[in-house]
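Chain letters run A, B, ... following the sequence lines, proteins first, then strands; residues in each count from 1.
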There are 2 protein chains.
Amino acid sequence: MGIFENIIYFGFYRSCAGLPGRLETAKKVPMKAAEIVPSEAPAETPGEIAYRQIRRDIVFGALVPGTRLRLESLKAPYLVSVSTLREVFNRLASERFVVAEGQRGFHVSPVSEKHFREVAGMRELLEANALRQSFERGDLEWEAQVVAAHHKLSRMEALMEAGDCTRTEAWKRYDGEFHGALIAACGSKVLMEAHRRIFDHFLRYQIVAVVYRGKAACDEHRRLLECALERDHETAVEILAGHIEACVEHTLGNGLLKD
Amino acid sequence: MGIFENIIYFGFYRSCAGLPGRLETAKKVPMKAAEIVPSEAPAETPGEIAYRQIRRDIVFGALVPGTRLRLESLKAPYLVSVSTLREVFNRLASERFVVAEGQRGFHVSPVSEKHFREVAGMRELLEANALRQSFERGDLEWEAQVVAAHHKLSRMEALMEAGDCTRTEAWKRYDGEFHGALIAACGSKVLMEAHRRIFDHFLRYQIVAVVYRGKAACDEHRRLLECALERDHETAVEILAGHIEACVEHTLGNGLLKD
DNA sequence: TCAATGGGTATTTTTGAAAATATCATATAT
DNA sequence: ATATATGATATTTTCAAAAATACCCATTGA
């Protein structure tokens with residue numbers, strides 16, 4: 001068994017080249033950029049990079065559900081040590097993207113139809129309520145952000161429609177950003193954060209249905225935008241429920257989820 | 001500045017004595033108990049113990065909001081090394097009980113009135129919906145668990161009423177278990193887990209109001225039990241909303257939250 | 001007087017190895 | 001033949017020290 005036994009997809013792995021590794025003893029240059037972004041800086045530490053990478057690999061299916069995450073095997077491809085890997089896995093375990101069982105290591109969280117339906121129900125509950133509050137409180141700046149997010153999404157949807165399936169990740173990011181923009185004025189960071197977390201779980205299930213759902217989803221996005229500008233939350237919640245339900249059925253229709 | 005500069009409360013700290021530390025090379029005894037509880041075993045590792053301890057110290061206020069969590073200072077009282085501490089802090093950061101900013105270490109999450117209201121709103125949203133579904137699906141076994149949980153809570157409430165304020169933690173645990181029992185039949189583990197997480201955040205805010213809210217809360221718990229047995233979710237949701245709202249106002253009434 | 005610079009200390013972050021534990025194949029006894 | 005013990009191997013978990021970074025304070029120059 002080689003080191004890479006559990007790795008399916010290498011495309012995104014962090015590359016050694018070009019990164020200021022600790023071995024290259026570069027001159028100490030005091031960074032002024034830190035003062036420009038005083039807080040909320042993501043911190044480009046190896047641990048952060050590995051965290052984002054592994055999280056993305058799980059959400060986008062590169063790390064297959066149920067896969068055992070061997071520390072010794074994964075430290076090389078992700079360019080970190082076992083301790084740093086453990087920190088990452090602990091964070092992801094809190095987010096339920098990986099499961100940690102006793103002293104038997106970590107696994108990528110398994111998938112099941114039941115869990116998917118629970119995640120979908122949770123997303124609908126959170127997003128519908130956030131939508132309602134956001135529509136009530138949103139100002140012109142919010143409207144502008146919504147329009148902007150929809151513009152990016154619709155352009156990407158047009159590409160997908162045209163058969164360009166090479167940029168699924170970018171497309172899904174715009175999808176998430178559009179739904180995030182819709183609820184951005186809800187006034188509760190706690191609610192938005194919970195929504196984002198459950199949205200990414202929802203996303204992971206969508207990835208197994210690689211095929212583009214097509215014009216239907218595109219239309220629903222456009223109608224959600226119209227509702228937002230007209231502040232019609234009743235219709236928006238209805239569309240959202242249908243949007244999520246259709247996603248679930250379309251995804252489950254592939255029959256790739258055995259349980 | 002001594003090692004214990006940031007520690008406020010030592011009552012709960014893990015004690016060396018009696019624990020099977022790695023230094024006492026005990027005889028290898030094959031444990032059969034592991035097969036009785038095949039999965040879901042909490043694993044009594046030092047990391048797990050420290051995690052539960054620190055989490056509890058944050059929720060119950062022993063670690064004051066905003067406190068800087070210095071690794072070197074805290075490894076001694078919690079009886080773990082810095083790496084293990086970092087794993088714990090990373091988990092707690094995912095749960096938002098601590099904040100990790102860049103390369104500047106960890107802090108106990110700060111508190112604010114705004115955040116408290118968001119947490120309360122989130123709890124109401126999740127609990128009200130879970131309540132509705134649980135009332136629809138609950139069977140006799142569920143009813144029995146609810147009655148049992150309420151019995152334990154009401155006995156503890158009677159003690160508190162009598163002036164015994166020494167067991168706040170046990171009382172709050174029963175409070176949480178009662179509300180957990182009410183929604184246990186909702187059918188969604190995702191929902192229940194999200195509820196438990198937000199409930200503990202809510203709990204942390206309640207702790208600053210050390211005084212017992214008294215007969216009012218006790219009555220509301222009894223009425224929630226009656227609603228459960230009669231499957232009257234409409235009234236239950238109303239009571240719950242009042243229950244949470246009263247908790248928020250009572251807690252904020254102390255004026256201890258500046259922001 | 002104030003901002004910028006430099007060096008020394010404190011703290012975090014990462015690492016590789018030691019200790020503890022689980023896993024697996026083999027042998028032994030019932 | 002099944003089940004239980006035994007030992008070798010693989011893996012996880014923990015630790016302490018090295019490396020990188022932030023922090024503090026005196027000093028210098030404008």
Side-chain angles (χ1 to χ4, degrees), chain A residues 1-3 5-6 14 19-35 38-39 41-51 68-76 78-91 93 98-107, chain B residues 1-3 5-6 14 19-35 38-39 41-51 68-76 78-91 93 98-107:
Chain A
M1 281 206 254
I3 281 184
E5 54 181 317
N6 286 322
R14 183 175 148 226
L19 284 174
R22 62 168 47 189
L23 292 178
E24 318 164 13
T25 53
K27 295 236 177 69
K28 237 191 195 176
V29 49
M31 53 180 224
K32 308 228 172 190
E35 298 169 25
S39 74
E44 282 306 313
T45 135
E48 256 318 289
I49 295 169
Y51 165 73
R68 192 161 173 199
L69 297 166
R70 284 201 185 80
L71 293 160
E72 210 59 37
S73 311
L74 263 51
K75 62 183 243 190
Y78 287 109
L79 301 176
V80 287
S81 68
V82 287
S83 307
T84 305
L85 258 189
R86 280 182 60 80
E87 288 186 13
V88 171
F89 291 160
N90 273 305
R91 289 172 67 176
V98 320
V99 289
E101 32 181 336
Q103 275 125 305
R104 294 207 286 272
F106 300 89
H107 289 249
Chain B
M1 280 207 258
I3 280 180
E5 52 180 320
N6 288 322
R14 181 176 149 226
L19 283 173
R22 60 169 48 189
L23 293 178
E24 319 161 13
T25 54
K27 295 235 175 72
K28 237 190 193 176
V29 49
M31 52 178 225
K32 308 229 167 185
E35 298 169 24
S39 73
E44 281 307 311
T45 138
E48 254 321 287
I49 295 170
Y51 165 74
R68 190 159 173 202
L69 297 167
R70 284 200 184 81
L71 294 160
E72 209 59 38
S73 311
L74 264 49
K75 60 183 249 191
Y78 287 109
L79 302 175
V80 288
S81 69
V82 287
S83 307
T84 306
L85 258 188
R86 279 182 59 82
E87 287 186 13
V88 171
F89 291 160
N90 273 305
R91 289 172 67 177
V98 320
V99 289
E101 33 182 335
Q103 273 125 306
R104 294 206 288 271
F106 300 89
H107 289 251

Next item on the list: Whole angstrom is fine here: how far is it from CD in A:Glu44 over to P in D:dA20?
Entry: 17 Å

Check: Mind checking what makes side-chain hydrogen bond (donor to acceptor under 3.5 Å, both in side chains) contact with A:Glu87, not counting sequence neighbours?
Finding: B:Arg86, B:Asn90

Notebook entry, point to check: To the nearest angstrom, how far is B:Arg104 atom CZ from D:dA22 atom P?
Noted result: 8 Å

Item checked: Nearest-Å distance for atom pair CD/P, residues A:Glu72 and D:dT9 -> 17 Å

Notebook entry, point to check: Starting at CD of B:Glu87 and ending at P of D:dT14, how long is that distance when rounded to a whole Å?
Noted result: 7 Å

Checklist line | From A:Arg70 atom CZ to A:Lys75 atom NZ, the distance as rounded to the nearest 0.5 Å | finding: 15.0 Å

Next item on the list: Nearest-nucleotide wise, let me know which of A:Gln103 and A:Ser81 is further upstream toward the 5' end of DNA chain C.
Entry: A:Ser81

Margin query: In this structure, how many angstroms lie between the P atom of D:dA17 and the CG atom of B:Leu71, rounded?
Written below: 16 Å

Next item on the list: Tell me, with the steps shown, if A:Phe106 and A:Leu74 meet side-chain contact (heavy atoms from CB on, under 4.5 Å).
Entry: CA-CA 12 Å; A:Phe106 300 89; A:Leu74 263 51; over 6 Å; no

Checklist line | Closest to side chain of A:Arg86, choosing from D:dT13, D:dC15, D:dT12 | finding: D:dT13

Check: If you take atom types as modelled and just measure distance, does the side chain of B:Ser83 reach the base of D:dA16 with a donor-acceptor pair under 3.5 Å?
Finding: yes

Check: Between the two ends of the helix from C:dT1-D:dA30 to C:dT30-D:dA1, what is the bend in degrees, rounded to 10 degrees, where each end axis spans five pairs?
Finding: 20°

Item checked: Side chain of B:Val82 (C-beta onward), nearest among D:dT13, D:dA17, D:dT21 -> D:dA17

Note to self: Heavy atoms only, 4.0 Å cut-off, all strands: where does B:Thr84 land among base, sugar-phosphate and nothing?
What the structure shows: sugar-phosphate

Item checked: Distance in angstrom units between A:His107 NE2 and C:dA22 P, rounded -> 14 Å

Item checked: Least distance between heavy atoms, A:Gly47 atom then A:Val88 atom -> O-CG2, 3.8 Å

Margin query: Which heavy atom of B:Glu48 sits nearest to which heavy atom of B:Arg91, and what is that distance?
Written below: OE2-NH1, 2.8 Å

Item checked: Gap between atoms CD and P, on A:Glu101 and C:dT21 respectively (whole Å) -> 17 Å

Next item on the list: Could you state the atom-to-atom distance from CG of B:Leu85 to C1' of C:dT13 in whole Å?
Entry: 14 Å

Margin query: List the residues meeting side-chain contact (heavy atoms from CB on, under 4.5 Å) with A:Thr84, not counting sequence neighbours, and say none if there are none.
Written below: A:Val80, A:Ser81

